[in-house]
Structures are given as C-alpha cells and as structure tokens.
Number of protein chains: 2
Amino acid sequence: MKEDLLSKRDALMYSYKVGQLSKALWKVVEKDWQNWIKPFGLNINEHHILWIAHYLDGATISDISKYGVMHVSTAFNFSKKLEERGYLTFSKKDDDKRNTYVYITKEGEKLLTETLENYSPKNDSILKGSLPLKSLYGKFPEFPEILSIIREIYGREFTQLFEASFEQANHSLEQAEQALQSKHEKEHFLESF
Amino acid sequence: MKEDLLSKRDALMYSYKVGQLSKALWKVVEKDWQNWIKPFGLNINEHHILWIAHYLDGATISDISKYGVMHVSTAFNFSKKLEERGYLTFSKKDDDKRNTYVYITKEGEKLLTETLENYSPKNDSILKGSLPLKSLYGKFPEFPEILSIIREIYGREFTQLFEASFEQANHSLEQAEQALQSKHEKEHFLESF
C-alpha cells in the first residue's frame, strides 16, 4: 500500500513538530512549577519525589526514576536530601528485604499539603492558556493522542500509574479541601482570571 | 452559571495532568534529540540555534531566545560558541544598525544538512509511539488543543512563526531530498520499524 509508506521527510517533519510543541509546553510548566514551590525551599525534582512517595506509599528509587521521568542518580540524590531534611525515610519492606523503599514522613505530608494549598490558578499559565478551550468544549481537553503516544513509549504500566495518580491526587486534594472548608468557605477561582 | 465555576482542585488536577504529560513527552524528545546530534559535536541548544538562524535568515539573540524557548543568556552563549566554530556570524543589518543579527554560514548550513541527513526514524521514539495513531487515523495527529494553548501563552506571532518554520523545514528537507535523489533511490522507511 503506497500511502502507508513513510518518507524520512514526513517522519522528520512530524517529529520536529512534536519536539517544538513539547518543548514550548514543558518550559512553561517548568517555570510555573519552580515559582510555585520556591517559597518551600524545594526544586521540581524534590517536589515530584515527595508527590510520588506520597501516592505510591513506599517507592523504590527505581520507581521514582521511572514515574518521575528522571535519572536514577537524580532520584537518589534528591531523595537523600529530602531524607536529611526529615521529609522522607528509607527502609526495607517486610515482604521485600532486597529493595530500599522511600516513605514520606508526617513532616513531608505536611509540606506537600502546604504546597498544594499554596497553588494559585492565577499564576498557572497552562491553566490560563486552556480556558478558551474549556469555554469552547465545556471541559478541559483530555489529550488522548498524547496519552496514547506516551503509553506506546513508556509502557502500559506507566500510564496506568499515571492515571491512578490523577485519581489519588484528586482524592488527596478533596481531603485537603474538606479540611480547609471547616476553616473557611470553599473558594471558587474563576473570578481570579 | 454554576458549572462555569472552576474550583482550585479542578485547576490543580488539570495542571498536574498537563505537567506530567508534557514532562514525559519532552524528556523522550530531549533524549532522542541529544543522541541524534551527538555525532556532530552539538548539543540541543546549539542545533536549535542553527535551525532558527537558518529559517529566520538573520535572527537577533532575542528572536533565538523567544522562538527557541531558551534563556537569553543561553541563546547568547551558545551562539557565540557556534560563531567560534565558524557556523554562525554576527553582523548588523543595513536597515537596523542597533541590533546584532546572527547569520548561519555555509559551513553551518552544511552541518545542519548533515544532521538532517543523519536523522533516523528508527531511533525516534515519538515517531514510533505515534505509528498506532497514524495507522488508526491514516495520518499523524495534529494536536490542535496543544497549539491553541501555546498560542494563548506565547502569543499569535510565536505560533505563526512556529507554523512557518514547519513549512520552511518541509521545503529545506525537500531540497535536501532532491539532492540526495540524484545519488540514490528515494528511501522509504516503513520497513525499518
């Protein structure tokens, strides 16, 4: 089938486009993320590690590296730093004495919750950039093509954990929200834009 | 309208999802890009600068920083390094004596063409990860939502140049392909997968 043939030019053009889009997207995510968590003395990797340790409830360095999409050495070094600051502990599991697991401490949970409470939609460029789509579609876009590409590249297990982590995040945020509600009225943020 | 109200949780959940997706996507693009151009003694920023200088045909450091989504200091330092290696020149324009423009030299063009010729679809994870979508849709996905978000964030001028650069890339690759065709039969790459 002639139309199935893929020329090198088509391949490179497509790849160039995805490369440019993903760079532009990630760079703005990175900048907003950095600004968000800077007041807590955390960098992106540290915040990501806290988050993974929280939702996996005991993660190996290899898990952190895989699900955090960072080098093993990056995962290890920043986990150690978080341990020194009392936000993580390293220990063995009863049913797995070979691997070391990283657990989030109460202090770590507290810090993580504080960062979530401090999140401000006003300072989130991706969110603001997505509002026209939201008002057009009635909901945020879901990017099924991107998820499919990532599933092909990283494997089904990766995207499953990915999606489970969205659920978990939603649940954690709900709890944090309920805790806040006792303090003050639930806030709605559309007026901030 | 109650359904228009955007809770902080919805905002954070959406932002978290886009953050995770864009990180996973960019990290794989970055890795493949590095491996692709390593044989030419270039890093990603240098390759990107060569490309921008090529398609803008005279770019200021501010253009490079903007369209390459990199810090001004990164744009300047790597442009200087490329100048030292003879791939770029710095000069004024007749109609604009205030700004310095970066031009790609013949050596720079030659190097850029060599990198394009050396591109191998086999080593392109994004491409391979997109083939199921291509066979499902009959074409590669076009990511209109992502483009819309980037247009909102970076401005219309950015995405216009972005899209113009795809056209330009296509044209440059077509020329390179025609040059190659005189040497050997046009290659089709589907069999490589």
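Letters A, B, ... mirror the listed sequences (proteins, then strands); counts begin at 1.
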Going by heavy atoms in the side chains, are B:Tyr14 and A:Ile126 under 4.5 Å from each other? yes

Hey, are the side chains of B:Met70 and A:Lys23 touching, using non-hydrogen atoms and a 4.5 Å cut-off? yes

Please report the shortest heavy-atom distance between A:Glu145 and B:Tyr137, naming the atom on each side. OE2-OH, 3.2 Å

Rounded to the nearest 0.5 Å, what's the gap from CD on A:Glu152 to CG on B:Leu127? Could you check? 12.0 Å

Single-linkage hydrophobic cluster, 4.5 Å side-chain cutoff, A:Tyr101 and A:Phe78 together: no

Using every non-hydrogen atom in the two residues, find where B:Gly19 and A:Trp26 come nearest and quote the distance to one decimal. O-CZ3, 4.0 Å

Of all the heavy-atom pairs spanning B:Ser130 and A:Ile149, show the shortest one and how long it is. OG-CD1, 3.5 Å

To the nearest 0.5 Å, how far apart are CG in A:Leu25 and CG in B:Leu25? 8.0 Å

Mind checking which of residues 44-52 of chain B sit less than 4.5 Å from chain A, heavy atom to heavy atom? B:Asn45, B:His48, B:Trp51

Under 4.5 Å from a heavy atom of chain A, the part of B:Leu12 involved: both

What about A:Phe158 and A:Leu161, same hydrophobic cluster or not, with Ile/Leu/Val/Met/Phe/Trp/Tyr joined at side-chain heavy-atom distances under 4.5 Å? yes

B:Lys97 atom NZ, over 12 foreign heavy atoms within 6.0 Å: yes

Side-chain donor or acceptor of B:Tyr119 paired with backbone N/O of A:Lys8 under 3.5 Å: no

Considering residues at least two apart in sequence or located in another chain, which fulfil the salt bridge (charged side-chain N to carboxylate O under 4.0 Å, His left out) criterion with B:Glu157? B:Lys66

Excluding sequence neighbours, so at least two apart, what forms side chain to side chain donor-acceptor pair (under 3.5 Å) with A:Lys110? none

Just so I know, are the side chains of A:Glu142 and B:Lys17 near enough to count as touching, which here means a heavy-atom distance under 4.5 Å? yes

Which region of A:Pro141, side chain (C-beta onward) or backbone (N, CA, C, O), has a non-hydrogen atom less than 4.5 Å from a non-hydrogen atom of chain B, or is it both or neither? both

Residue A:Leu133 versus chain B: region with a heavy atom under 4.5 Å: side chain

Are A:Phe143 and B:Val18 close enough that some pair of their side-chain heavy atoms sits under 4.5 Å apart? yes

Does B:Tyr103 belong to the same Ile/Leu/Val/Met/Phe/Trp/Tyr cluster as B:Phe76, with side-chain heavy atoms less than 4.5 Å apart forming each link? no

Those residues of residues 28-35 of chain A, ordered by number, that approach chain B below 4.5 Å (heavy atom to heavy atom): A:Val28, A:Val29, A:Trp33

Using a 4.5 Å cut-off on heavy atoms from C-beta on, say whether the side chain of B:Lys27 contacts that of A:Tyr154. yes

Measure distances from B:Ile150 to the heavy atoms of chain A and classify the residue's part below 4.5 Å as side chain, backbone, both or neither. side chain

Gap separating the OH atom of A:Tyr16 from the CG atom of B:Leu116, nearest 0.5 angstrom: 10.5 Å

Value for OG (B:Ser15) from CG (A:Asp124), rounded to nearest 0.5 Å, stands at 3.5 Å

